[in-house]
Amino acid sequence: MAVSVRVLGQFPGLTRSRTVEGHGSDINGLIADLERQYPGFRGLVYDEKGEVLGYVNIYVNGDEIRSLRGKATALQNGDEVTLLPAIRGSALSFTEEQIKRYSRHIILSQVGGKGQRRLLEASVLLIGAGGLGSPAGLYLAAAGIGKLGIVDFDLVDLSNLHRQILHHNHDLGRAKVVSAAEAIADVNPDVEVVQHQVQLTSENVMDIIADYDIVVDGSDNFPTRYLVSDACVFGGKPNIHGSIFRFEGMATVFLPGKGCYRCLYPVPPQPGAVPSCQEAGVLGVLPGIIGLIQATETIKFILDIGESLNGRLLLFDALDMEFREVKCRRNANCPVCGDNPTITNLIDYEEFCGIRAASHQ
Amino acid sequence: MTEAVKVDLEIDLKGEVCPYTFVKSKLALEELESGQVLRVVVDHLPAVENVPRSLDNEGHQVLEVVQINDSDWSITIRKA
């Protein structure tokens, strides 16, 4: 019987993946098969007497095996088995490779093993694998964010490569989510990448963001930006915002109950009123700066350190090489997150700017 | 002095070099409760100075640094 096995806690250190395939007619057979594939696996599950360790729970399609037939619980083709050890946030559970990889983080008193463990257990959704999503995604992956989701339906185009550093010449014509997942795996195999090659709409956005702790918005168009902002309000997700235009960029952090993009700009501009990147151009290095401000705020949020950019809109001008800051607080009259909201459902704004919704900077 | 102190966790870091002597000492301390005592054994000479200094910087109390044989040093720390 072929079953899909989801492993958590210390197991991925051995399997190098959070989902593996195994075979067996019952749990005992499955563990024997996993021991063959990953020597040492058995010792993480059974004690010396061959009984399941008291701090490891095994679920078959959601039911714990102690309530079924224990190790003799039969398996069917396609069953989903989950191995869930008690997690005590043990710093000693780092692998030797992880200790080396993250040593410069662990040394920092504000991070330490506990902080690194939080990063490894965090999940972040990148809206767009473009100009902003590229540097943000690469650095978040390098930092050891455990799960990175990437939403982008676009293909890699030659005109992307002067700024979208997740993608390379050999990726031309490939799906951006695929090329991004490969680039991230090259940087850090600890990261689980989830590819969402879809256009975000009012129909799918809530389901997609539900699986993540934090949303990093690197979209380049108003329909997506408003959809993501509204969805983050409704879903109670932090929204790490960045946007760029020619030589200028801005970044801020919207936290649940503490403002959203509509507090800043209640409604999108009229179609055609604001030129898109495609028409206006953008300095290739600019999204590197803004995207990394987003990544920095994401990591600070996960670690709960420093002063968040929440409540402040950071403005960057590359020509003057100047950062400025204005306040951007929650607006009590905001149509979505204000005291008397008038928008209570997601809206699909018409596509405009001459580009499709959810293509990316 | 060490005789009066109960050591809660002991780790052997022989063969490790800086900064991993500190990194692993720090990770081990994170496993302990405030007030508990860690003893580490190192044989990398720079670590004899670096590990106590770095742990002191993080606020922990270095109880003792002592050479225990030709090659090895013992560092005893109380967690802050």
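Letters go in sequence order (proteins before strands), and every chain restarts at 1.
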Just wondering, are more than 12 heavy atoms of other shown residues or ligands nearer than 6.0 Å to CD in Glu33(B)? no
Would you find more than 12 non-hydrogen atoms of other residues, nucleotides or ligands less than 6.0 Å from Gln37(A) atom CD? yes
Tell me, for Gln110(A) versus chain B, whether the close heavy atoms (under 4.5 Å) come from the side chain, the backbone, both or neither. neither
Decide if atom OH of Tyr139(A) counts as having more than 12 heavy atoms of other residues, nucleotides or ligands within a radius under 6.0 Å. no
Without swapping roles, check the side chain of Glu30(B) against the backbone of Lys114(A) for a donor-acceptor pair under 3.5 Å. yes
Does Lys24(B) reach the side chain of Ile99(A), with side-chain heavy atoms less than 4.5 Å apart? yes
Would you compute the distance between atom CD1 of Ile107(A) and atom OH of Tyr20(B) and round it to the nearest 0.5 angstrom? 7.5 Å
Whether Lys26(B) side chain and Gly113(A) backbone form a donor-acceptor pair below 3.5 Å: no
Surrounding NZ of Lys147(A) (heavy atoms of other residues, nucleotides or ligands, distance under 6.0 Å), is the total greater than 12? yes
